[in-house]
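Worksheet: one structure, shown below.
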Amino acid sequence: MTDVVDSDELLRRIQRARACAREELRTWRARSEELGRTDPDAAREAQVRALSYEAVLDVMDEIVTPGHHSTEP
């Protein structure tokens, strides 16, 4: 990546990434709940993926709004 971007473009990119991470978090949480009834191992893996997206979302939230920790996906 050699393109120089201004702060507004960088913020837009981070916001798109946050939206993507938020959607993935919802998807993996739902999958974990569904699999919990039939396949505990797969449910556990889905939960780990959900936690990963939650961590990514927390970091991006901290970049955009320093000092404001959101637990809301």
Please identify each residue that fulfils side chain to side chain donor-acceptor pair (under 3.5 Å) with [X], with sequence neighbours left out.
X     : result
Glu23 : Arg26
Arg18 : Asp61
Glu9  : Arg12, Arg13

Item to check | Same cluster (ILVMFWY, side-chain, under 4.5 Å), Val48 and Leu25 | outcome: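 Unlinked, Val48 and Leu25 end up in two clusters.
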
Using atom types as modelled, flag every donor-acceptor pair under 3.5 Å from a side chain in residues 34-43 to any protein atom, sequence neighbours excluded.
unit_1	atom_1	unit_2	atom_2	d
Asp39	OD1	Asp41	N	3.4
Asp39	OD1	Ala42	N	3.3
Asp41	OD1	Arg44	NH2	2.5

Item to check | Backbone N/O of Ala50 and side chain of Glu24: donor-acceptor pair under 3.5 Å | outcome: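 Checked: no pair found.
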
Quick check for you: to the nearest 0.5 Å, what is the distance between [X] atom [atom1] and [Y] atom [atom2]?
X     : Y     : atom1 : atom2 : value
Arg49 : Arg31 : CZ    : CZ    : 9.0 Å
Asp58 : Ile63 : CG    : CD1   : 11.0 Å
Gln47 : Ser52 : CD    : OG    : 10.0 Å

Next on the checklist: Restricting to side-chain contact (heavy atoms from CB on, under 4.5 Å), what partner residues turn up for Ala21, sequence neighbours left out?
Outcome noted: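 Ala21 satisfies side-chain contact (heavy atoms from CB on, under 4.5 Å) with Tyr53, Val56, Leu57, Met60 only.
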
